[in-house]
2 protein chains.
Amino acid sequence: MSKPPSPEPRRTLTLRDVSEASGVSEMTVSRVLRNRGDVSETTRERVLEAARRLGYVPNKIAGALASQRVNLVAVIIPSLSNMVFPEVMTGISDTLEDTGLQPVVGVTNYSPDREESVLYEMLSWRPSGVIIAGLEHTEAAQAMLAQAGIPIVEIMDIDGNPVDSAVGISHRRAGRQMAEAIIAAGYRNIAFLGTMMPYDHRARKRLEGFEEALAKAGLVLVDREFYSGGSALLKGREMTEAVLTRSPQVDFLYYSNDMIGAGGLLYCLHKGIDVPGQIGLAGFNGVELLDGLPRKLATMDACRLEIGRVAAEIIAGKHPSGQIGGEVIELFPTLQKGDTIRG
Amino acid sequence: MSKPPSPEPRRTLTLRDVSEASGVSEMTVSRVLRNRGDVSETTRERVLEAARRLGYVPNKIAGALASQRVNLVAVIIPSLSNMVFPEVMTGISDTLEDTGLQPVVGVTNYSPDREESVLYEMLSWRPSGVIIAGLEHTEAAQAMLAQAGIPIVEIMDIDGNPVDSAVGISHRRAGRQMAEAIIAAGYRNIAFLGTMMPYDHRARKRLEGFEEALAKAGLVLVDREFYSGGSALLKGREMTEAVLTRSPQVDFLYYSNDMIGAGGLLYCLHKGIDVPGQIGLAGFNGVELLDGLPRKLATMDACRLEIGRVAAEIIAGKHPSGQIGGEVIELFPTLQKGDTIRG
DNA sequence: CTGGGCTATGTTAGCGGTAACGGCAGCGAT
DNA sequence: ATCGCTGCCGTTACCGCTAACATAGCCCAG
């Protein structure tokens with residue numbers, strides 16, 4: 001593989017190279033490249049031409065050290081492979097787009113220890129802000145966030161005490177609302193199917209809110225089934241089969257996410273079960289995927305895009321509230337009954 | 001929101017703070033914190049204790065500038081919201097895990113210009129390597145890659161000329177193979193349904209290979225349908241309906257990805273079409289999702305995890321081939337006939 | 001023609017670390 | 001006693017860039 005005939009892969013270029021090539025001081029080159037300060041049009045062009053010709057790429061490491069400013073925003077999330085966080089990312093990226101800030105993602109795989117170390121790693125690059133999923137962190141992580149001296153936004157969830165700002169929905173309330181809708185529709189033998197991950201606090205809170213509302217109506221879950229890992233769609237089928245076999249009296253299945261709910265829905269339809277007459281179904285997240293299903297699954301959207309958008313606005317200091325930090329912004333998901341809750 | 005009662009949000013800590021707190025030189029602190037060089041056990045502990053107590057987080061910006069070493073690997077991909085790149089990311093992360101290297105993702109949304117600017121931005125942080133999707137880049141991007149002086153790995157595709165190394169599959173060959181299997185199964189009236197994105201070169205190459213094999217058998221596509229954006233599952237349904245309405249003679253539908261293929265499959269099953277008797281279906285990617293479908297869609301896995309793994313190994317300099325760079329590693333996807341190709 | 005206020009550019013001093021080298025005990029071998 | 005180690009730690013000189021200030025023309029009011 002012969003590389004293109006570059007004269008010599010010489011050491012990487014610096015401002016000095018550009019300054020020499022264009023006959024001005026390094027400072028002037030720096031000013032041109034950052035569009036800062038006054039530079040005459042003719043020098044500007046001479047400098048730009050030289051930079052382009054040499055293929056100069058500025059060294060942000062040196063720049064950041066000198067200016068004590070870093071245009072990075074640390075974004076720490078549990079996973080990229082479900083449908084929810086990529087959409088949050090989209091909201092963040094879109095909003096950051098024209099602020100000069102850039103998101104840098106770290107993935108924790110729902111592990112608190114990994115979260116701690118990812119956070120440490122990212123903070124060591126001195127970002128201008130942190131967006132981090134959830135309100136539950138290790139003690140050390142909490143301390144780092146509190147001491148960082150930069151805006152912190154905890155996203156997705158507001159049931160707890162944020163370090164600084166928070167943007168999200170109340171999962172407890174979401175669980176409650178869904179339970180109320182289900183009860184109102186006349187279902188009484190309700191089962192829960194969800195993830196077992198010990199650290200998915202938001203799924204846990206939804207379940208808590210759900211059971212709370214059931215209790216208020218004098219009901220308890222008739223059955224529950226948990227899973228971890230694997231193809232969510234397939235797991236949804238399997239779990240549904242397991243529950244329906246074990247507890248034939250069940251008339252409603254509440255899933256902790258849409259993906260397994262979709263699996264359950266496909267299973268029920270395949271089995272010829274009357275949905276929502278005989279059995280009702282509901283999921284959580286409001287993922288786009290559902291639009292393509294034979295029947296629309298009842299769900300609640302989690303305001304993912306909006307969460308990303310608002311979090312980014314807070315970091316960029318352009319949130320309408322105008323506050324400096326320490327705000328808790330609650331968003332309100334809407335319940336979409338779809339075709340799988342009767343009434 | 002009162003913060004925890006930290007005595008004073010004082011300026012951020014430096015090595016000097018730790019060195020004063022532990023009564024040794026900054027250099028020694030640096031050595032302890034990096035586990036490098038000889039330090040007596042007692043001083044090491046004194047330093048660590050002080051660092052922990054103060055909550056010191058090293059400044060990698062300064063460190064990187066001084067040492068001319070950055071433990072970041074730039075990963076530049078078109079999207080995070082389909083199922084393919086997250087899995088590549090997983091392969092990369094897993095492999096980088098114990099090398100001290102850290103991936104940093106940039107997303108281009110399939111836009112060459114955005115790719116160029118993301119690349120520029122990332123190179124300005126002087127990463128130790130670049131993993132970038134595809135072989136097609138703007139001229140400027142090509143130049144930057146060639147000049148960067150660090151290992152570059154272009155992933156997913158090997159039908160073209162890599163700047164340095166490449167890891168991927170031949171999409172042209174993949175398209176050909178699928179066509180051959182379809183023809184061998186006796187289908188003759190074949191339609192293509194896929195993405196319209198002008199910059200999805202890999203989908204384009206698959207289609208090219210596909211048509212090439214058809215031609216060799218004296219066949220041409222009976223129909224074709226393109227889309228962009230929206231819920232892939234839903235689009236799959238809609239496109240399938242459109243094609244079947246327009247060209248009732250069609251007996252095979254080749255989709256450019258599994259997601260729209262799944263939508264098509266659900267549509268066909270819903271319409272009571274005999275699959276694979278009356279109509280056969282095939283997708284591409286081998287996503288886990290398919291496992292949960294009522295019938296398994298024929299597909300070809302794209303070796304996503306493996307691609308990520310190998311790319312990361314090359315960057316980390318621990319690929320078995322032992323070469324320094326400039327290698328092209330072709331992986332071979334396997335065709336899974338599933339339940340949607342007869343025979 | 002002179003001082004003040006531009007504008008366009010250069011100079012100086014770090015930013016917070018680390019590479020490279022230097023120094024100095026302590027200690028066994030000669 | 002001398003030498004040469006090795007183990008531990010400090011000093012010095014940057015890394016490549018930018019904030020802050022200094023400087024040099026230049027124009028115009030007084």
Side-chain angles (χ1 to χ4, degrees), chain A residues 10-48 50-51 54-72 100 121 123-128 148-149, chain B residues 10-48 50-51 54-72 100 121 123-128 148-149:
Chain A
R10 189 170 93 273
R11 65 170 175 68
T12 68
L13 300 159
T14 73
L15 269 192
R16 153 153 271 108
D17 295 293
V18 183
S19 99
E20 281 169 1
S22 53
V24 297
S25 73
E26 301 177 37
M27 196 60 226
T28 301
V29 177
S30 169
R31 280 195 268 254
V32 170
L33 265 28
R34 287 177 301 145
N35 280 313
R36 199 149 307 187
D38 306 300
V39 180
S40 76
E41 196 47 42
T42 57
T43 11
R44 149 170 273 101
E45 266 163 31
R46 217 141 41 88
V47 169
L48 284 178
L54 296 176
Y56 172 72
V57 177
N59 185 331
K60 288 225 177 183
I61 296 182
L65 183 60
S67 67
Q68 302 284 51
R69 248 181 281 112
V70 180
N71 69 338
L72 301 177
E121 189 73 19
L123 283 183
S124 73
W125 288 98
R126 302 288 187 266
S128 328
Chain B
R10 188 168 95 272
R11 66 175 174 66
T12 68
L13 300 159
T14 74
L15 268 192
R16 155 155 269 108
D17 295 294
V18 183
S19 97
E20 281 169 0
S22 53
V24 297
S25 74
E26 302 177 36
M27 196 58 227
T28 300
V29 176
S30 170
R31 280 195 269 255
V32 170
L33 264 28
R34 286 176 303 145
N35 281 313
R36 199 150 306 190
D38 305 301
V39 181
S40 75
E41 195 48 42
T42 58
T43 13
R44 150 170 272 99
E45 266 164 28
R46 216 140 44 87
V47 169
L48 284 178
L54 296 175
Y56 173 72
V57 178
N59 185 333
K60 289 225 176 181
I61 297 183
L65 182 60
S67 67
Q68 303 285 49
R69 248 180 280 113
V70 179
N71 69 338
L72 301 177
E121 189 72 21
L123 284 183
S124 72
W125 288 99
R126 301 289 187 267
S128 327

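Letters A, B, ... are given to chains in the order of the sequence lines, protein chains preceding strands, and every chain is numbered from 1.
- When the C1' atom of dT18(D) is taken as reference, atom CG of Asn59(A) falls 12 Å away, rounded to whole Å.
- For Ser128(B) against Asn71(B), the heavy-atom pair with the smallest separation is OG-CA, 4.1 Å.
- Between Ser40(B) and the phosphate of dC9(D), there is a side-chain N or O to OP1/OP2 separation shorter than 4.0 Å.
- Side-chain atoms of Ser67(B) come within 3.5 Å of backbone N or O of Gly63(B) as a donor-acceptor pair.
- When distances are taken from the side chain of Thr14(B) to each of dG17(C), dA20(D), dG16(D), the shortest belongs to dG17(C).
- As a whole-Å value, the separation of Met27(A) CE from dG14(C) C1' is 13 Å.
- Within the 4.0 Å cut-off from OP1 or OP2 of dG17(C), at least one side-chain nitrogen or oxygen of Tyr56(B) is found.
- Annotation for Ile61(A) and Asn59(A): closest pair N-OD1, 2.8 Å, computed over non-hydrogen atoms.
- Note: CD1 (Ile61(B)) to C1' (dG14(C)) measures 16 Å, nearest angstrom.
- Residue-environment remark: CZ (Arg34(B)) exceeds the threshold of 12 foreign heavy atoms within 6.0 Å.
- Distances shorter than 4.0 Å separate some side-chain N or O of Thr28(B) from OP1 or OP2 on dG10(D).
- For Leu13(B) and dC15(C), the CG to P distance is 15 Å, given to the nearest whole Å.
- Contact between the side-chain N/O atoms of Arg69(B) and the OP1/OP2 oxygens of dA19(C) is found at a separation under 4.0 Å.
- Rounded to whole Å, atom C1' of dC15(C) lies 9 Å from atom CG of Leu65(B).
- Within the 4.0 Å cut-off from OP1 or OP2 of dG17(C), not a single side-chain nitrogen or oxygen of Ser67(B) is found.
- Between dG17(C), dT18(D), dT9(C), one nucleotide has an atom nearer to the side chain of Leu15(B) than all others, and that is dG17(C).
- Across the protein-nucleic acid pair, Arg44(A) atom CZ and dT7(C) atom C1' stand 14 Å apart, rounded to whole Å.
- Heavy-atom nearest nucleotides on DNA chain D were determined for Ser30(A) and for Asp38(B), and the one closer to the 5' end corresponds to Asp38(B).
- Arg31(B) places its CZ atom 14 Å from the P atom of dG7(D), with the value rounded to the nearest Å.
- In terms of heavy-atom proximity, Ser19(A) sits nearest to Val29(A) at CA-CG2, 3.7 Å.
- Between Gln68(B) and Ser25(B), the residue anchored nearer the 5' end of DNA chain D, judged by the nucleotide with its closest heavy atom, is Ser25(B).
- Note on Arg34(A): a side-chain N or O is less than 4.0 Å away from OP1 or OP2 of dA19(D).
- At whole-Å resolution of the value, CG in Asn35(A) and P in dT18(D) are 12 Å apart.
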